Amino acid sequence: MNVYDSERMTEALSAHGYAETGAVEDADLVILNTCHIREKAAEKVYSDLGRIRQVKGARAASGSDTVVAVVGCVAQAEGSEIVRRAPVVDLVVGPQSYHRLPELIARTRSENRSLVETEFPEEEKFARLPQRAPSRGVTAFLTVQEGCDKFCTFCVVPYTRGMEYSRSVADIEHEARALVAGGVREVTLLGQNVNGYHGAGPEGRSYSLADLIRHLAQIDGLERLRYTTSHPRDMSDDLIAAHGTEKKLMPYLHLPFQSGADRILAAMNRKHTAREYIDLVGRIRAAQPELALSTDVIVGFPGETEAEFADTLSVFAEVGFAAAYSFKYSPRPGTPAEKLSDQIPDEVKADRLARLQSVIERQQALFSQRCVGRALPVLFEKPGRRPGQLIGRSPYLQSVHAKAPAGMLGRVVPVEISAFGPNSLAGVIRPE
Ligand code: SAM
Ligand code: SF4
């Protein structure tokens with residue numbers, strides 16, 4: 001979602017004469033778009049600001065001004081504390097206000113003081129942003145839903161991104177069509193809780209995510225649809241059915257389960273049990289037997305015992321995942337879990353994480369191995385590292401490289417998979 005937000009900020013600023021540069025030394029304006037989900041991500045902001053302070057100092061010595069903005073969820077959570085800790089910062093802007101960046105930059109320049117904007121504004125951010133600029137690639141993200149009211153006890157999202165909000169179908173369709181006109185062939189619909197989507201449809205009734213997918217699938221030239229991230233409790237029957245019937249919906253699903261122990265799931269306020277998750281996966285796989293499943297897991301939530309960690313490993317053994325993201329529990333300011341007394345020592349968390357990650361690597365390798373010898377439709381996205389090579393994605397979101405002419409960029413081509421590595425597959429184009 002931050003990648004998407006950064007693109008939209010870049011587009012909003014392009015309309016005011018800004019152009020992107022890869023070198024911070026050349027930048028009149030530096031924006032750090034930040035993540036507050038774990039402590040490590042939040043702390044990285046301050047180490048980056050230390051480096052930016054030096055650049056700003058050097059530029060000032062040669063007569064150039066630099067405006068430094070901290071945007072996103074760290075900005076929302078820490079507000080003016082950021083300017084106190086890092087006076088190099090001129091602007092602090094929460095994720096719901098970045099459409100106001102051009103105006104706020106002008107103000108900080110003219111008033112020559114730092115500004116902090118962390119309200120959840122009444123006005124609609126998306127309505128205020130300029131049209132999507134012609135795309136830079138074959139795949140694109142498209143935010144359809146923001147915020148979350150699930151209040152998992154470990155998570156900052158409800159506090160930093162606010163309550164759940166769904167964009168209208170017309171607005172999303174408009175953006176999707178603009179992306180496709182600019183060359184995009186695959187769109188990933190984004191939301192912190194994307195399958196809770198319930199936006200106003202064209203006929204006045206509310207659309208579910210499945211309705212939205214069916215609607216967008218009618219756009220000519222749009223070949224693939226994906227969505228992320230979903231909550232198990234919002235996996236409705238019509239969405240499950242769409243996995244079986246919508247050809248453009250890729251057979252890949254990211255469905256976090258967080259923990260395999262029911263006591264921990266209850267303490268996390270996830271409102272489902274491990275068995276309910278496993279049964280749900282069974283129903284989705286019945287609709288789409290090809291499904292590649294990925295997940296998020298937290299180890300070392302307060303009070304997690306060794307036996308409860310073993311329950312998490314059991315879910316892996318029973319379900320079998322194509323990919324997974326795993327995290328050490330990170331206490332986040334203002335969340336209920338932070339106040340729990342039985343925090344787990346870091347070395348225990350690190351040990352559990354290492355054991356879990358070796359299971360994940362094995363399962364991922366097994367999934368990749370099963371692809372060898374099959375012809376997978378690959379959407380080529382960009383040139384590979386070697387001359388004459390292109391890189392694309394399989395339906396299961398694996399990176400695939402193959403020798404292919406540049407003219408195949410943006411096309412879905414059958415590739416016979418011949419080998420796999422830890423992060424990618426290799427293959428040979430099948431004659432069409
Ligand atoms: N909405 C999604 C869901 O319900 O699963 C997750 C969104 S969150 C931005 C992405 C992932 O970060 C979560 O699934 C969780 O595994 C992880 N995460 C969130 N808060 C965390 C924390 N305090 N410590 C460690 N990992 C965390
Ligand atoms: Fe955070 Fe996801 Fe839980 Fe919402 S559903 S509080 S985003 S982990």
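Quick caveat, the model's predicted, so the values are computed rather than measured. Just so you know, ligand 1 is whichever comes first in the structure, and atom 1 is the first atom listed for that ligand. The analysis underlying the following values was restricted to heavy atoms, covering all of them including side chains, and did not include hydrogens, waters or symmetry mates.
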Any chance the rings of [X] and [Y] have centres within less than 6.0 Å?
X      : Y      : result
Tyr159 : Phe151 : yes
Tyr227 : His243 : yes
Phe316 : Phe257 : yes

Those atoms of ligand 2 less than 4.0 Å from some heavy atom in [X]:
X      : answer
Val157 : 7 (S)
Lys150 : 4 (Fe), 5 (S)
Phe151 : 6 (S)
His231 : 5 (S)

Minimum-distance protein heavy atom relative to [atom]:
atom                    : result
atom 4 (Fe) of ligand 2 : Cys148 SG, 2.3 Å
atom 6 (S) of ligand 2  : Cys152 N, 3.3 Å
atom 23 (N) of ligand 1 : Ser330 O, 2.8 Å
atom 21 (C) of ligand 1 : Phe154 CD1, 3.7 Å
atom 11 (C) of ligand 1 : Asp296 OD2, 3.3 Å
atom 8 (S) of ligand 1  : Ile37 CD1, 3.8 Å
atom 16 (O) of ligand 1 : Gln258 OE1, 2.7 Å
atom 1 (Fe) of ligand 2 : Cys155 SG, 2.3 Å

query: What part of Phe154 sits under 4.0 Å from ligand 2 if we count only heavy atoms: the side chain, the backbone, both or neither?
result: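 Only the side chain of Phe154 comes within reach of ligand 2.
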Residue His231 vicinity, atoms of ligand 1 by number, heavy atom under 4.0 Å: 4 (O)
query: Taking only heavy atoms of Tyr329, which atoms of ligand 1 are found under 4.0 Å from at least one of them?
result: 24 (N), 25 (C)
field: Flag if over 12 foreign heavy atoms under 6.0 Å of CZ, Arg205
entry: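 Counting other residues, nucleotides and ligands, CZ of Arg205 exceeds 12 neighbours.
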message: Using a 4.0 Å heavy-atom cut-off, which part of Gln192 comes near ligand 1: side chain, backbone, both, or neither?
response: backbone
task: Give the contacting part of Phe327 toward ligand 1: side chain, backbone, both or neither, where contact means a heavy-atom distance below 4.0 Å.
output: side chain
- request: Identify whether the distance between the nearest side-chain nitrogen and carboxylate oxygen of Asp262 and Arg275 falls below 4.0 Å.
  value: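 A salt bridge is absent here (no side-chain N lies under 4.0 Å from a carboxylate O).
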Arg161 near ligand 2 by a heavy-atom separation under 4.0 Å: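 Arg161: no contact with ligand 2 (<4.0 Å).
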Side-chain donor-acceptor pair present, [X], [Y], cut-off under 3.5 Å:
X      : Y      : answer
Tyr197 : Ser208 : no
Asp5   : Tyr98  : yes
Glu78  : Tyr46  : yes

field: Closest non-hydrogen atom pair between Val169 and His215, with its separation
entry: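 Smallest interatomic distance, heavy atoms only, reads CG1-CD2, 3.6 Å.
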field: Shortest non-hydrogen separation from Leu91 to Thr108 and the atoms involved
entry: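 Minimum heavy-atom separation between Leu91 and Thr108: CG-CG2, 4.1 Å.
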- request: Return yes if some donor-acceptor pair links the side-chain N/O of Arg185 with the main-chain N/O of Arg224 below 3.5 Å, else return no.
  value: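 No: the side chain of Arg185 does not pair with the backbone of Arg224.
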query: Touching ligand 1 at all, Asn193? Heavy atoms, strictly under 4.0 Å?
result: no
field: Nearest neighbour of atom 3 (C) of ligand 1 from the list Arg38, Arg270, Met1, Lys328, on a heavy-atom basis
entry: Arg270
query: Would you call the rings of Phe126 and Tyr4 parallel, tilted or perpendicular, where under 30° means parallel and over 60° means perpendicular?
result: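 Tilted, since the angle between the ring planes falls between 30° and 60°.
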Within-4.5 Å side-chain heavy-atom neighbours: Glu11 and Gln131: no
- prompt: Purely on distance, is any nitrogen or oxygen of Thr229 under 3.5 Å from one on ligand 1?
  reply: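 No - when backbone and side-chain N and O of Thr229 are compared with those of ligand 1, no distance drops under 3.5 Å.
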